[in-house]
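Numbering starts at 1 and runs along the sequence shown.
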Amino acid sequence: MSDEWWRDAVFYEIYVRSFADSGGDGLGDVTGIRARLPYLRELGVDALWLTPFYPSPDADHGYDVADYVDVDPRFGTLADVDALVAEAHELGLRVTIDLVPNHTSDRHRWFAEHPEYYVWTEEPNNWPSHFGGPAWTFDAARGRHYLHLFAPEQPDLDWHVPAVEDEFDAILRFWLDRGVDGFRIDVGHVLYKDPELRDEQEPFPETPFADWRRAVDRPELHPLYRRWRALADSYPGERMFVGEVVLSDPRRIARYVRPDELHLCFNFTFLYEEWDADRLRATIDGTLAALAEVGATSSWVLENHDVTRLATRYGSLRAARAAALLLLALPGAAFLYAGQELGLGEVELPDEARRDPIFRRTGGERIGRDGCRVPLPWSGDAPPFGFTTGEPWLPQPAGWSGLTAEAQAGDPASTLELYRAALAFRPRGGGLDWRASPPGTLVFERGELLCLVNVSAPALDLPEGELVLASEPGVTTVLPPETAAWLRRPVPSYDRGRSARP
Ligand code: GLC
């Protein structure tokens, strides 16, 4: 019998190279993560998602995989990963890992030995790379161009070749045999390309979503995901997939989240939404309605290693803290990104420190994602803040001294303690019932809890009830703008509103 643990689990994304370094080389590693498992247990998350730790020449920080069934020596060994999985399981934490099936590194042996695994053309079409420039690079030795939707060092696999499907079955089995609890599927909406490689319509829209591309959301993905699901279901315990399916319409995403396909898909419409009550509500409702239709669960995300940190995006740590109580009150799974629980903001880095291929490939026109990838501050008053004994791979701001995990632990006003309390009291199971509330606010019931968020109203009176948690200290009867609170029912003062999930 499955307990569907993933349905309302909180996952914690570890950007491996930025989490904790045990070796002193300034790069986080697997042993560093092992040492911090008690911290994660105490934080109260249910599962980890580790970004790629496989051997990689690092053109895209591990998202260019040179060997899917090994560990990069800079991050550790297979035995270290086995030990991490075993120790996490002992603490009741599940471990999911990153699967990068759209492309390999150009140094993967397949690129030399099996060119037929990749997408080639003699006449490049007009597809752009996500990282700037064209998506095609000429290979002089082969006299043809190969496709790379990302960096040139990341050639796209041709998923229409059956051997590619077989190779990935073996990769999934390799990690499932080692006991991992699931996979996050990198750019899971891409994989299969238009076999005719037709041009895209120009001009190319500027959007974080990929709906407009010919290379996305193709019907061939569904049989593949059914195949993967059947494979994972043949293992004991409940192994799961979460897809990074970057589509703007939740009804299109819902087609992947099915009992015989993926368990979860990130809901990035919420991630990219503004800090605006009406817009947030519309996004939440749209997602819940689309997923309820197929009996699926949403996964809510506000931060990851590809986007500007929340406190910077919303303009204040105060708003980010309020958003934490919104995120963790929504029905379904939630994903946190390491450092979100410390309230870290985006770091302004000098150009010479930037490492993201986006920065390099666009000649600095797009600054890239380094600002959200700066190594975590654990302890102490100055960099490297206990992250490493060496030099962190990206420089940490001196101003982080008040934000270390050590400085925040035990301080009830801290963001870390807010997350710990929210994870402890977070409602599980059931749907969401909106209550009528003034403009600029969001109020809904989740089981025993009433969640109130004042995004932008002058003030929101708290109705009667036991105050479980507030996003700012000192809140008792009124929520000022950019704050949120959880109250325990019974709470009679608000009218029952429309229900998003009947
Ligand atoms: C995903 C990853 C991102 C990476 C890209 C290419 O979007 O999250 O970090 O650059 O895929 O693999």
Distance-minimising heavy-atom pair for D8 and R426: O-NH1, 2.7 Å
Would you tabulate the side-chain donor-acceptor contacts of residues 478-487 under 3.5 Å, counting partners in other chains and residues two or more places apart, or write 'none'?
{"from": "E482", "atom 1": "OE1", "to": "S316", "atom 2": "OG", "distance (Å)": "3.1"}
{"from": "T483", "atom 1": "OG1", "to": "P480", "atom 2": "O", "distance (Å)": "2.6"}
{"from": "W486", "atom 1": "NE1", "to": "L325", "atom 2": "O", "distance (Å)": "3.0"}

Aromatic ring centroids of F266 and F268 under 6.0 Å? yes
Hey, is D46 close enough to R428 for a salt bridge, meaning N to O under 4.0 Å? yes
Once you measure the plane-to-plane angle for F150 and F131, does it fall in the parallel (<30°), tilted (30-60°) or perpendicular (>60°) bin? perpendicular
Quick one: are the ring centres of F11 and W6 less than 6.0 Å apart? no
Roughly how far, to the nearest 0.5 Å, is the CE atom of M240 from the CZ atom of R184? 12.0 Å
Which atom pairs, donor and acceptor, lie under 3.5 Å between side-chain atoms of residues 326-335 and protein residues at least two apart or in another chain?
none

When rounded to the nearest 0.5 angstrom, what is the spacing between CD1 in I253 and CG in D217? 9.5 Å
side-chain contact (heavy atoms from CB on, under 4.5 Å) with F183: which of L172, T96, D98? L172
Y54 pairs by side-chain contact (heavy atoms from CB on, under 4.5 Å) with which of I97, D67, I171? I97
Does the structure place the NZ or CZ of R281 under 6.0 Å from the centre of the six-membered ring of W434, at an angle of no more than 45° from the ring's axis? yes
CZ (R178) with more than 12 external heavy atoms under 6.0 Å: yes
Which of these passes salt bridge (charged side-chain N to carboxylate O under 4.0 Å, His left out) with E87: R41, R36, R34? R34
Tell me if the centroids of the rings in W175 and F53 come within less than 6.0 Å of each other. yes
Would R309 and E346 count as a salt bridge (Lys or Arg N to Asp or Glu O under 4.0 Å) if you check the C-alpha gap in whole Å, the side-chain angles of each, and the deciding distance to 0.1 Å? CA-CA 5 Å; R309 290 261 189 204; E346 191 78 356; 5.4 Å; no
How close do L317 and A311 get, heavy atom to heavy atom, and via which atoms? CA-CB, 3.9 Å
Please determine whether the number of non-hydrogen atoms from other residues, nucleotides or ligands lying under 6.0 Å from atom CG of D82 exceeds 12. yes
Side chain to side chain donor-acceptor pair (under 3.5 Å), paired with H263, selected from R7, E4, R229: R229
Once you round to the nearest 0.5 Å, how far does CG of D72 lie from OG1 of T77? 11.5 Å
Does any donor atom in the side chain of D356 or H61 lie under 3.5 Å from an acceptor atom in the other side chain? no
Rounded to the nearest 0.5 Å, what's the gap from CZ on R213 to NE2 on H189? Could you check? 8.0 Å
Give a yes or no on whether the ring-centroid distance for Y337 and Y12 is below 6.0 angstrom. no
Closest heavy-atom pair and its distance - D411, E417: O-CG, 3.1 Å
Measure the shortest side-chain to side-chain distance between N102 and D186 over non-hydrogen atoms and say whether it is less than 4.5 angstrom. no
